[in-house]
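First listed ligand is number 1; within each ligand, the first listed atom is number 1.
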Amino acid sequence: MAALGVNIDHIATIRQARGGREPDPVHAAVLAELAGAHGITAHLREDRRHIQDRDVYILAQTVSTHLNLEMAPTAEMVKIALDVRPYMVTIVPEKREEKTTEGGYPVREKERDLANTIVTLRENHILISLFVNPDINEIRSCAKVGATHVELHTGTYANAANDQAAMDELATLKGAAMAAYKLGLKINAGHGLNYLNVTPVAYIDNMEELNIGHSIISRATMVGMNAAVKDMVSLI
Ligand code: PXP
């Protein structure tokens, strides 16, 4: 069975709307874990639009499952990761003007830069996942630069215009997962997954963990974190 990593960024988005103390993503992480989440994910963006440094430092001490820190591979973020020591770092591309992470990290294009960052993090016993488009060449580069995991970008699948387009993209995701598995990489996936589209992705062979944020936090605002997480765990 695939595990569920709950991305709590949007609890921080609500907090930042007023710049106060509530709601606290640390509390959300506790509730998600109590409801059965297998991991907690938080993205510390360069512009600090939602998660703050303080959140990451407290989460590192309070998360009892595992903490997956999403970040761009900048010197500032690597320094924070080495200080915080999350279980896993997921490297994502970042553009200031985007609403959310729009595409996968261009691993092939940036192999040399990434390899050094990955060595540093691996030497400090942090697992490394690279958020990539489901493209075989990108997957090969992930293995080459020493990643332990890939996170397959499911945005194209989630935003498919019709059922046929979704099925086609699902086949692409399955092919990418198979390639990653053969190269010895562990497989995560995420982006745009929700209560209606998650199940076929959870069924992909060797899927380790699905990272899901927006749909869970949206539902949690209506029915509470406990029900929102439990419903997603049972679908997966
Ligand atoms: N995985 C990665 C690497 C992401 O950047 C995001 C969005 O922050 C997610 C998963 C979660 O996406 P969503 O909020 O659409 O579930």
Pairing of D55 and R15 as salt bridge, 4.0 angstrom limit
yes
Do Q52 and Q16 touch side chain to side chain, with heavy atoms closer than 4.5 Å?
yes
Any V63 side-chain heavy atom under 4.5 Å of E33 side chain:
yes
Judged by non-hydrogen atoms, does G192 sit under 4.0 Å from ligand 1?
yes
Taking only heavy atoms of V92 into account, list the atoms of ligand 1 that are under 4.0 Å away from them.
3 (C)
Just which atoms of ligand 1 are under 4.0 Å from any heavy atom in N211?
10 (C), 11 (C)
Of the listed options H153, R45, H191, closest to atom 12 (O) of ligand 1 (non-hydrogen atoms):
H191
Going by the angle between their ring planes, with limits at 30° and 60°, are F131 and H153 parallel, tilted or perpendicular?
parallel
Mutual orientation of the aromatic rings belonging to Y87 and H66 [parallel < 30°, tilted 30-60°, perpendicular > 60°]:
parallel
Chi angles and distances behind the side chain to side chain donor-acceptor pair (under 3.5 Å) call for S141, E111:
CA-CA 7 Å; S141 290; E111 273 180 8; 2.6 Å; yes
Distance to 0.1 Å, residue and atom name: give those for the protein heavy atom nearest to [atom].
atom: atom 16 (O) of ligand 1; result: G213 N, 2.8 Å
atom: atom 8 (O) of ligand 1; result: N7 ND2, 3.5 Å
atom: atom 2 (C) of ligand 1; result: E70 OE2, 3.1 Å
atom: atom 10 (C) of ligand 1; result: E151 OE2, 3.3 Å

Please indicate whether M1 has more than 12 foreign heavy atoms, meaning atoms of other residues, nucleotides or ligands, lying under 6.0 Å from its CE.
yes
Check whether any N or O atom of H214, backbone or side chain, sits under 3.5 Å from an N or O atom of ligand 1, and answer yes or no.
yes
